[in-house]
There are 2 protein chains.
Amino acid sequence: MGTIYDLAKKTGFSITTVSKALNNYKDVSDKTRAKILQAAAEMDYLPNAHAQSLSTKKSWAIGVMFSEANEVGMKHPFFNGIIESFRHATEEQGYDLIFASRNLRNRDMSYLEHFKHRAVDGIVVICSDRMDEQVQELMRSDIPIVVVDMDSANCSVVYSDNVEGARLAVNYLYELGHQKIAHIAGDETIDAGAARIKGYELAMQELNLSIQPGYLVNAGFFSVEEGKQAMERLLELDDRPTAVFVAGDQMAIGVIEAIHEHGLHVPNDISVIGYDDIDMIQYITPKLTTIRQDTDEIGEAAAELLLEQMTAKERLTERRVIPVRLVERASCAPLEQ
Amino acid sequence: MGTIYDLAKKTGFSITTVSKALNNYKDVSDKTRAKILQAAAEMDYLPNAHAQSLSTKKSWAIGVMFSEANEVGMKHPFFNGIIESFRHATEEQGYDLIFASRNLRNRDMSYLEHFKHRAVDGIVVICSDRMDEQVQELMRSDIPIVVVDMDSANCSVVYSDNVEGARLAVNYLYELGHQKIAHIAGDETIDAGAARIKGYELAMQELNLSIQPGYLVNAGFFSVEEGKQAMERLLELDDRPTAVFVAGDQMAIGVIEAIHEHGLHVPNDISVIGYDDIDMIQYITPKLTTIRQDTDEIGEAAAELLLEQMTAKERLTERRVIPVRLVERASCAPLEQ
DNA sequence: CCTCTTCCCGAAAGCGCTTTCGGTAATTTG
DNA sequence: CAAATTACCGAAAGCGCTTTCGGGAAGAGG
């Protein structure tokens, strides 16, 4: 591989000139640039990123923080889709993603510390837990940062229009004739969960529908199992809902399972609508009607906001709300009188 | 944050001593070490990773290469599970993962070049395409490397016992009374696909069953759609199989869909067994019986082999074959005469 | 009391690269 | 043809850290 010193020796120029030739400075003649470039090609020269970063104070690396909370890590299809599109968008600009471990050779440190240690140019947080002290710390720091799927006043954020999504769902069910509409919700400590609850309540109010006791049930952290348990609570009610809006597709899967186990039919007995539009719901029975979050768009927006912030020297706090839409499949049916 | 120079100034020692104190050298007294450590804590000192790497020639970073081939990227649940467990295992040793983009500031370079540029300590390749020139180049290089889900003579590899897995599947179907067993296969250019074909043929032979014409159908690259199409070809046969072993769960989903659309029932009319055991197949109807690949184990083994190789200075070429097991669910039934 | 260890510490070189600044040679201008 | 630009190149400092090596001070041994 070799260094610029080797290149200098080989071509007879100084390392200064070599470096300039490599970096397209204008004060080096075409002839010498050509010589140097050729020599570089011949010896497979590659600049050392660490040396570059050290002297330019730019690392071309973006740190990503995933929530470890629910042990989902990079397995969750929704967050996955986002990070994948985020990666594509930043990669085009020449950035690499680095997933930081939290221990630096035994001594464990915070994410912020680790990212400072690595001297990343920016950070993306993909994690729904606003209570996480680590996330708070990141948001307080002065490193360019963008937060996904969570709101915050003091840094750039991008998330889906959850209120509107919930409204779409409720209105859709209403148009099918349903009035007894329940909501199986995500935990309120998670922004997405809270916003969907808000949208649900708003929509019900707008339609002059009252939310019956027990119709709003907290199902925690979006897992299949929690969804199932929540639905079982609804099924125990004397006055059962005829339709239920579920705050996440995974939960919705559990919901359908619970309904089936009760000997009831989806959608004939109970209509179910989910949230997210993860791939797998096209293959369950019945195919799930849901509110689609555009992970591509979210990832791209996040990349855009972060890049913006890395070039601007000051802290920006733009908020980008990505539209959602309803995807009609087979899990909702008109209410039969 | 500050540098060791600041620390030196603050404590009155030389940067040499500061560095030594920070790195637990034994030739610095407890008293001065304590002073330096405290000063470091007070000013939130963090070592600069680039400077460290530059002088130690160790970056504590592992490059990961994903297949971009089928546009799955990090979305595929199987590879995802692997990378997640790999990450956990390497993180414990203090390594960070870096997902390299392939363009360095406009000029696009190969993965190998990029990894050299970044001076990673090792590489993990999670990608099934052995024909990919980029992968070949990586394997030929002298950077420590481990390859997942693919075989190779000249670097460390880890993959599932695909031959045995196929055998398990076929034997299971045979024990249920099936004799007309078809195989919807992955492409032979992919090692996993080829090995499962081999296992299928071997098992059939061991059972003295003949593979009828048309019973071995190539379904390409493991997608739902391709699985569906392959099954449609089987359904057109005069002498239909009573059971089919499908080389991947996603394909199996398509297979089941095709069968249902033909007005037939799984498993009563046709038994289906998949491969992988991805999460979602527990939620389709019927729940898919499958051969489980242990992604946790695979990821850990990969980490282990890579770490081994990074400490050993020479090239190791260990091969680790991870056992698989059959997970019985509801998509296979005894053959009724 | 002198010599030999042992214990601490620091000077300096080096890792590979960027960038400022100044200087010489070539070119243009009037 | 003299003066003023312009074009091209290199010395040197700096980025933040590690590590070798040598030397002084203190303690141990005779």
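These figures come from a predicted structure and were not determined experimentally. Convention: sequence-line order gives letters A, B, ...; per-chain numbering from 1.
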inquiry  = Students often get this wrong, so: under 4.0 angstrom with heavy atoms, is A/Tyr5 touching a base, only sugar-phosphate, or nothing?
reply    = base
task = To the nearest Å, give me how far apart NE2 (A/His117) and P (D/dG16) are.
result = 15 Å
query = Does OP1 or OP2 of C/dC17 have a side-chain N or O of A/Tyr25 closer than 4.0 Å?
reply = no
Integer-rounded Å distance: D/dC17 C1' and B/Asp6 CG = 13 Å
task = Check whether any side-chain nitrogen or oxygen of A/Asn48 sits under 4.0 Å from OP1 or OP2 of C/dC15, and answer yes or no.
result = no
remark   = Comparing nearest nucleotides in DNA chain C, the 5'-proximal residue of the pair B/Thr56, A/Ser55 is B/Thr56
message = Applying salt bridge (charged side-chain N to carboxylate O under 4.0 Å, His left out) as the test, list every pair that has at least one member in residues 41-58 of chain B; sequence neighbours left out.
response = B/Lys10-B/Glu42, B/Lys58-B/Asp121
request  = Please identify each residue that fulfils salt bridge (Lys or Arg N to Asp or Glu O under 4.0 Å) with B/Glu304, with sequence neighbours left out.
outcome  = B/Arg320
query = What is the distance from NZ of B/Lys58 to C1' of D/dG16, rounded to the nearest Å?
reply = 20 Å
task = Return no unless some side-chain N or O of B/Gln52 is found under 4.0 Å from OP1 or OP2 of D/dG16.
result = no
key: Between P of D/dA25 and NZ of B/Lys31, the distance in whole Å   = 17 Å
key: Sequence-distant partners of B/Asp6, salt bridge (Lys or Arg N to Asp or Glu O under 4.0 Å), two or more places apart   = none
Contacts under 3.5 Å, N or O only, protein and nucleotides 6-12 of chain D:
from	atom 1	to	atom 2	distance (Å)
D/dC9	OP2	A/Ser29	N	2.8
D/dC9	OP2	A/Ser29	OG	3.4
D/dC9	OP2	A/Thr32	OG1	3.1
D/dC9	N4	A/Asp27	OD2	2.9
D/dG10	OP2	A/Ser14	N	3.1
D/dG10	OP2	A/Ser14	OG	3.2
D/dG10	OP2	A/Thr17	OG1	2.6
D/dG10	O6	A/Lys20	NZ	2.3
D/dA11	N7	A/Thr16	OG1	3.2
D/dA11	N6	A/Thr16	OG1	3.0
D/dA12	N6	A/Thr16	OG1	3.2

key: Atom-pair distance (CH2 on B/Trp60; C1' on D/dC17), nearest Å   = 16 Å
For residues 305-312 of chain A, dump all side-chain donor-acceptor pairs below 3.5 Å to protein atoms at least two apart in sequence or in another chain.
from	atom 1	to	atom 2	distance (Å)
A/Gln309	OE1	A/Ile145	N	3.3
A/Gln309	NE2	A/Ile145	O	3.3
A/Gln309	NE2	A/Ser156	OG	3.2
A/Thr311	OG1	A/Leu307	O	3.3
A/Thr311	OG1	A/Glu308	O	2.9

ask   = For the pair made of CG in A/Leu46 and P in C/dC17, what is the distance, rounded to whole Å?
value = 10 Å
inquiry  = Categorize B/Thr3 for me: base, sugar-phosphate, or nothing, with a 4.0 angstrom heavy-atom threshold over every strand shown.
reply    = sugar-phosphate
key: Exercise: do B/Ser14 and B/Thr17 side chains pair donor with acceptor under 3.5 Å   = yes
message = Looking at D/dG16, I'd like to know if its phosphate oxygens (OP1 or OP2) sit under 4.0 Å from a side-chain N or O belonging to A/Lys57.
response = yes
Carboxylate-amine/guanidinium proximity below 4.0 Å for B/Glu84 and B/Arg87 = yes
task = Please report, rounded to the nearest Å, how far the C1' atom of D/dC17 is from the CZ atom of A/Arg118.
result = 15 Å
ask   = What's the CG-P distance between A/Leu54 and D/dG14, to the nearest Å?
value = 14 Å
inquiry  = I'd like to check the salt bridge (Lys or Arg N to Asp or Glu O under 4.0 Å) partners of A/Glu133; sequence neighbours left out, ordered by chain and number.
reply    = A/Arg140
